[in-house]
Number of protein chains: 4
Amino acid sequence: MTEHKQSKLQSPGRPRSEASKTAILNATVELLEESGYEALTIEAIAARAGVGKSTIYRWWSNKSFVVFEAFLVSTESTLFFLEDVTLRGNFRQQLNSLATTLNSALGRTVVGLVAGSGDDSEIAAAFHNAFLKSRREDAIRVIERAITKGEIQYTTNLDIIADMFYGPVYYRLLIQKKIVDATFIDTLVDQVMKSLGALK
Amino acid sequence: MTEHKQSKLQSPGRPRSEASKTAILNATVELLEESGYEALTIEAIAARAGVGKSTIYRWWSNKSFVVFEAFLVSTESTLFFLEDVTLRGNFRQQLNSLATTLNSALGRTVVGLVAGSGDDSEIAAAFHNAFLKSRREDAIRVIERAITKGEIQYTTNLDIIADMFYGPVYYRLLIQKKIVDATFIDTLVDQVMKSLGALK
Amino acid sequence: MTEHKQSKLQSPGRPRSEASKTAILNATVELLEESGYEALTIEAIAARAGVGKSTIYRWWSNKSFVVFEAFLVSTESTLFFLEDVTLRGNFRQQLNSLATTLNSALGRTVVGLVAGSGDDSEIAAAFHNAFLKSRREDAIRVIERAITKGEIQYTTNLDIIADMFYGPVYYRLLIQKKIVDATFIDTLVDQVMKSLGALK
Amino acid sequence: MTEHKQSKLQSPGRPRSEASKTAILNATVELLEESGYEALTIEAIAARAGVGKSTIYRWWSNKSFVVFEAFLVSTESTLFFLEDVTLRGNFRQQLNSLATTLNSALGRTVVGLVAGSGDDSEIAAAFHNAFLKSRREDAIRVIERAITKGEIQYTTNLDIIADMFYGPVYYRLLIQKKIVDATFIDTLVDQVMKSLGALK
DNA sequence: GGGTAAGCGAGACGGTACGTCAAGTCTTCCG
DNA sequence: CGGAAGACTTGACGTACCGTCTCGCTTACCC
């Protein structure tokens, strides 16, 4: 008996077209950057991607999920901490990359959707699971290690410390519409570390 | 001699109906709380308010401006700092009132709109002028006074300090969808003050 | 007892402004000729005439009545037969003047309204009373006199004869959109008279 | 060799729904008969037909074209002359059928639109091409044959003769709002034939 | 290699809301 | 009190998208 090398379970029928998928996500990003979320329509995405509307509806229930998946794809690569540097270096790197993300139409839109939605919204949950969670876990781990290493004093409120790092960046970029540059981030990180009794 | 009481300059024609205006803003808040911004339509507002659509379009160019004016009216009263207490007391009060505001459908929606919009958006500018600015100026003043009084150490970055107070509240409520209670605020204020070398 | 010389009964209050009335009717004709009945609006008439909308509604119940009164005013002068010529001459003159009337935007519009309305419409009744009736009575009288004078043979169907004169002119101008010139009218009149056994 | 039976060229996409088309035209006729052209709205047609507004706008540019197509469909069957009888019989039959057509709300409305429109209007052109032309050509042919057969005298103005048959019927029904019955038509036909020197 | 199944593009479908426009009414001030 | 100005409610307009559907066609796997 021959054993077919069939690592992937394949349902019958024509398989999903990867070309269409990427065309859709690319078109979404382009249109979003050109005209914003309000002006973004499924029909325009389909037309730009050279795709039928039903192909979009077959895979995403909703305009905001298309946008969200485009966001995820474009953000995939930025998901890591440099593990071997100091807390200060870690957060500097992390917050700079966050600022870049939030400065794009895509990032701004997704966060706007999350902020505008209710506590129970699907998009907020998805954003939490696929974006926030791992970053925050890394951050917490980095802080803990800094405590262990004696870099900063012990504190019980790791959660609030993380908020003090992230919050001002979101706030300044999305609400105040001011730029977030390296200087801002450096000052912010220093100031938070001062509150943690950084030894130097 | 008769004195003509003509204190108000009146343009010709029927004057604007204040009743319609308040009915529109009330209806907007109600519908927003019932079904959210996405489901909010000008037609529904007009129907609920017992008003013609064109009366809405005559005074507001845009759904988001109606929502924004409703937000302003409902927030008008919360615009003040208790002038004579400590920095800690001041920010506790201020951040609690902010949390209340952001916890309503109205607040969440307006901030979502601001966050999702571009840097040059009208709504972001209006939000800045009519809501953020005066609060931030008060905050800066309070911090300056605290420095003068020796409550905290001198620092050059008053702006960043304000962001460290406000940012985490916005972030936690709108992005993380966690609750912001008195305990959180107290801990946050304490932590920020620690970074300022609060004397106690 | 003093006798006030007050030949005209005057109701109290400011009398109707004749200037406004003529301004309204003139504006109506102008707009009709520029853009047609479909595009004609009360607001445009009021604006063009420098008049408030309510002044129009005070005196006419309806857009079509304004048009109709404008038509009547512009047609007032053409309401006569040359009494002392032949039947042939009479109808030549009458049909030529009718063709002129029907060739204007105003005439075309009013007849279109009449044709499109039901049997019981007010506008059809008004058109009949103020325009058709007197012309037809004159026509019948002229035909009768022609019989008396021996110009044509006796016939019982004066009504149908009148229709044979008028009908083709209306039909050709309004339905077929062909021009009605002196040649057409001459040929038509000759042909109808032939049917009446005209002696020459 | 296989022969592909591909008699019908099919454009891609969902094909037009014939059911919707007939529902729209039927609803149009019903509403027109109930309330007249002025009160006829696209929205009402859509609602009555159980159809989206855009389905109407996709196929007709204009309320009047919907009405016109409904008119055409309802008139399609009456497009013929009895070829083998006399000129008198031919026109009796033709004018009676015309009177029936013009007595309906549909006919009255379409002719009202044509009459009220300018010389260059699309609706007038369409009415001419799809309704008037073939009838008039038949009429001319019938008259020519009557001349050939010696039924009537020779005349150069066939066009004017046709107008003398048709004009009075249109005029009496649509302008004068009098009934057009068999007696009227018989008398009219006789009278016109007299003008043609009918031999009997 | 024919049969079965699902994905694909195109585009019409029934709907909903848009933002505009005009209708006809109402409310103010002016002459 | 007539008239201008202009805001009011109402309701249809024609447009744009929604999300669904029906086509003919393609692309896989199955026996």
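The chains referred to below are lettered A, B, ... by the order of the sequence lines, with proteins before strands, and numbering in each begins at 1. What you see is a predicted model; the values in this text were computed from it and never measured.
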_Positions of residues 26-45 of chain D (non-hydrogen atom under 4.0 Å from DNA chain F), listed by number_ =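 Going residue by residue through residues 26-45 of chain D, the ones with a heavy atom under 4.0 Å of DNA chain F turn out to be D:T41, D:I42, D:E43.
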
_If you define the side chain from C-beta out and look only at heavy atoms, does anything of A:Y37 sit under 4.5 Å from B:S117?_
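Sidechains of B:S117 and A:Y37: no contact.
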
*asked:* So B:F68 and B:L113, do their side chains get closer than 4.5 Å, heavy atoms only?
replied: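 In short, these two side chains do not touch, never coming nearer than 4.5 Å.
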
Between atom [atom1] in [X] and atom [atom2] in [N], what is the gap in whole Å?
X	N	atom1	atom2	answer
B:I24	F:dT9	CD1	C1'	12 Å
A:K63	F:dC17	NZ	P	10 Å
B:Y57	F:dG11	OH	C1'	14 Å

*Enclosure of A:E33 CD (heavy-atom neighbours >12, cutoff 6.0 Å)*: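 Enclosed.
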
*asked:* Taking atom CD as the centre, does D:E38 end up with more than 12 heavy-atom neighbours from other residues, nucleotides or ligands that are less than 6.0 angstrom away?
replied: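 Atom CD in D:E38 is not packed in, count stays at 12 or less.
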
*If you find the nucleotide of DNA chain F closest to A:N62 and the one closest to D:S61, which residue's nucleotide is nearer the 5' end?*
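Counting from the 5' end, the first nearest nucleotide belongs to D:S61.
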
*Distance-only donor-acceptor test (3.5 Å): side chain B:K53, base F:dG11*: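 Per atom types, no contact qualifies.
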
Donor-acceptor check, side chain of [X] to backbone of [Y], threshold 3.5 angstrom: yes or no?
X	Y	answer
B:K53	B:I42	no
B:S54	B:Y57	no
A:T55	A:V51	no

*Of all residues at least two apart in sequence or in a different chain, which pass the salt bridge (charged side-chain N to carboxylate O under 4.0 Å, His left out) check with D:E34?*
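D:E34 satisfies salt bridge (charged side-chain N to carboxylate O under 4.0 Å, His left out) with D:R48 only.
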
*Per-nucleotide protein contact string for nucleotides 1-8 of chain E (B base, S sugar-phosphate only, - none; heavy atom under 4.0 Å)*: ----BBBB

